[in-house]
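To start, the structure itself, in structure tokens.
Protein chains get the first letters and strands the later ones, always in sequence-line order, with residue 1 at the start of each.
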Amino acid sequence: MPARTADRPIALIEQVIRGDEAAWHTLVESYLGFLYALAWRYARDDEDVAEELVLSVLEGLRRPDAEGRSFYRLRRYLESLARIGARSRFVTWLALVAKNLFCDWFREQGGRKVLPKEIEMLDALDREIFRAVFWEGGTERDAWERLRARRPDLSPEEFERHLLHVYRHLSQRNFWCVYQDLLRRAPARVLGDGGPGEGRPLDVPGAERPDQVLERSEVEAAARRVAEVLERAIATLPPVTRQVVRFAWRQGLSGEAIARAMGFRNRQRVYDELARARRRIRAYLRRAGVDLDEARQVQADIADAWAKIPADDDLSDPFSASVPMPLKSREPQGGAR
Amino acid sequence: MSCPSAEELSALYDGVVPRDAARALREHLSTCPRCAQEFATLHRLLKVAARPAVPAGLAQRARGLTRSSPPGKSIRPEQRLSRQKPRSLSRR
């Protein structure tokens, strides 16, 4: 298949990479408004922060790689056509890179080389993982591989377990974007694959009331039982439906985002796939002898805990809020709270 | 597969990744919470509707960035600090 690309200001970027400062000016002027709009969302009404975020992205775009070649990010973008056989629109790529650089900026503001207090209290491996993931950069996989060089016996499972521990202890101030990530992931874990954090959405700081503590283990055990059957039910779905289900219920993606990821023309197809999945899963649960009322109650308890978590007003999405609860999909949104 | 790069994720978002590679990326995203979240965040960012006016000062500072940091040199923290406006003044 021939490599495909989307529209992008390639010629301009090529000029920038060759060191043409006028082209750089044009590029900056063309995308300054876009970057500022992105930064504004992260800066929460603070103009100074928004400006610093934009400048951090521009600096990040100009930054050289280890071999001293400037604009290494722009080079990677240009080279993606040869490397991965595709090149996105420049704005799509820029939004993603900008978001990552925003996170770097916030991290730096939190004190780059001083461990946050809540991380200092954790054990040595947690602290090491924190440094590898949040200070040394790269993906989590990169961090794991670096750590493996120092700790050959570190399994991916152990790494993941400690990393989740670190995520749970990070305060909002020190890494609000990770915290946001955690909140969105929490309910999906009930339907998870038995991995770390399985069935423990109530562990999110602030979510637990004292009177819930005794009930928690029962709720978790019930959730785990239902989750196991659900996993088996999901495994019987057709591949496309299964993938949509994972995106919606496990990863908490919105309908539109799922349509994008799946390459559907619109999100209606996502809803259709989910409706099909629900029908099949209900039938499977009945055959497996799972009490649907009990399953709904488990979901309701989780929704109750979920409601205690501070909402992120920018990211509210009625679709993604409803999909992690497949068994009560026909109920009104507030009904289980 | 390992976690996709920014180039791969944005190409998937735009629907320009060749079919087999796209299938592998989707499979990864559906099982990797962090990458799925990255994708969802990208989607939200690109839906930004409100475009606040760019402050005049920012455009100037962006131009100044070029002069203070020619290609091949990154900006030192002290340079960045010197450009920073005093917050108390900018708030008035």
Side-chain angles (χ1 to χ4, degrees), chain A residues 1 3-6 19 21 24-25 28 32-33 36-38 40-41 47-48 51-52 54-55 58-59 62-64 68 70-71 76-77 80 83-89 91-93 95-97 99-100 139-141 181 184-185 188 243 246-247 251-254 256-257 260-263 315, chain B residues 2-3 5-22 25-27 29-34 36-48 50-55 57-59 61-63 65-66 69-75 80 83-85 87 90-91:
Chain A
M1 178 182 287
R4 288 180 290 172
T5 64
E21 283 296 336
W24 168 252
H25 279 304
V28 168
L32 199 60
Y36 191 69
L38 296 183
W40 188 251
R41 280 173 69 97
E47 286 179 19
D48 292 344
E51 287 194 22
E52 288 303 318
V54 170
L55 290 170
L58 298 179
E59 289 170 9
R62 295 180 66 84
R63 201 162 294 151
S70 56
F71 298 109
R76 280 180 61 90
Y77 169 70
S80 63
R83 206 175 61 247
I84 62 170
R87 190 161 52 205
S88 68
R89 290 181 305 149
V91 285
T92 311
W93 176 85
L96 195 54
V97 168
K99 176 235 132 198
N100 291 337
T139 64
E140 287 177 5
R141 186 180 178 82
D181 192 12
R184 294 203 133 240
R185 283 155 55 171
Q243 227 159 28
R246 281 191 197 149
F247 275 131
Q251 312 289 29
L253 260 62
S254 73
E256 266 186 60
R260 276 280 183 177
M262 296 300 296
L315 304 176
Chain B
S2 57
C3 293
S5 63
E7 289 76 30
E8 287 171 308
L9 213 54
S10 53
L12 179 72
Y13 186 86
D14 282 343
V16 295
V17 180
R19 190 181 296 173
D20 287 349
L25 282 171
R26 277 183 209 124
E27 190 58 36
L29 256 63
S30 71
T31 54
C32 176
R34 194 173 174 84
Q37 223 31 69
E38 189 92 335
F39 191 87
T41 304
L42 174 63
H43 179 65
R44 286 193 297 273
L45 285 178
L46 289 169
K47 283 171 68 184
V48 170
R51 289 283 179 96
V54 177
L58 175 60
R61 293 173 75 194
R63 277 194 289 276
L65 185 68
T66 314
S69 63
K73 287 185 182 173
S74 61
I75 289 190
R80 178 193 272 185
R83 289 201 318 272
Q84 203 158 349
K85 286 188 289 185
R87 181 157 301 207
S90 64
R91 282 286 180 198

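Taking the side chain as every heavy atom from C-beta outward, B:E27 and A:Q243 approach each other to under 4.5 Å. In this structure, the side chains of A:K99 and B:L42 stay at 4.5 Å or more apart for every pair of heavy atoms. Counting only heavy atoms from C-beta outward, the side chains of A:N100 and B:E38 approach each other to under 4.5 Å. When side chains are defined from C-beta on, A:R246 counts as touching B:T31, because their heavy atoms get closer than 4.5 Å.
Here CZ of A:R260 is found 7.5 Å from NE2 of B:H43. Values are rounded to the nearest 0.5 Å. Remark: A:R89 CZ to B:S10 OG distance equals 10.0 Å, nearest 0.5 Å.
Nearest heavy-atom pair across A:L58 and B:A62 is CD1-CB, 3.7 Å. In terms of heavy-atom proximity, B:R26 sits nearest to A:G263 at NH2-N, 4.1 Å. Of all the heavy atoms in A:S88 and B:D14, the pair that sits closest is CB-OD2, 3.3 Å. Pairing each heavy atom of B:P18 with each of A:I84, the nearest pair is CD-O, 4.2 Å. When every heavy atom of A:V97 is checked against every heavy atom of B:A6, the shortest pair comes out as CG2-CB, 4.2 Å.
Between A:R83 and B:E8 no salt bridge is recorded (no basic side-chain N to carboxylate O distance below 4.0 Å). Using a cut-off of 4.0 Å between Lys/Arg side-chain N and Asp/Glu carboxylate O, B:R44 and A:E256 are scored as not salt-bridged.
Taking the side chain to side chain contact (heavy atoms under 4.5 Å, CB included) definition, one finds that B:V54 meets it with A:L32, A:Y36, B:L58, sequence neighbours left out.
In this structure, the portion of B:L46 lying under 4.5 Å from any heavy atom of chain A is its side chain and not its backbone. Both the backbone and the side chain of B:Y13 come within less than 4.5 Å of a heavy atom in chain A.
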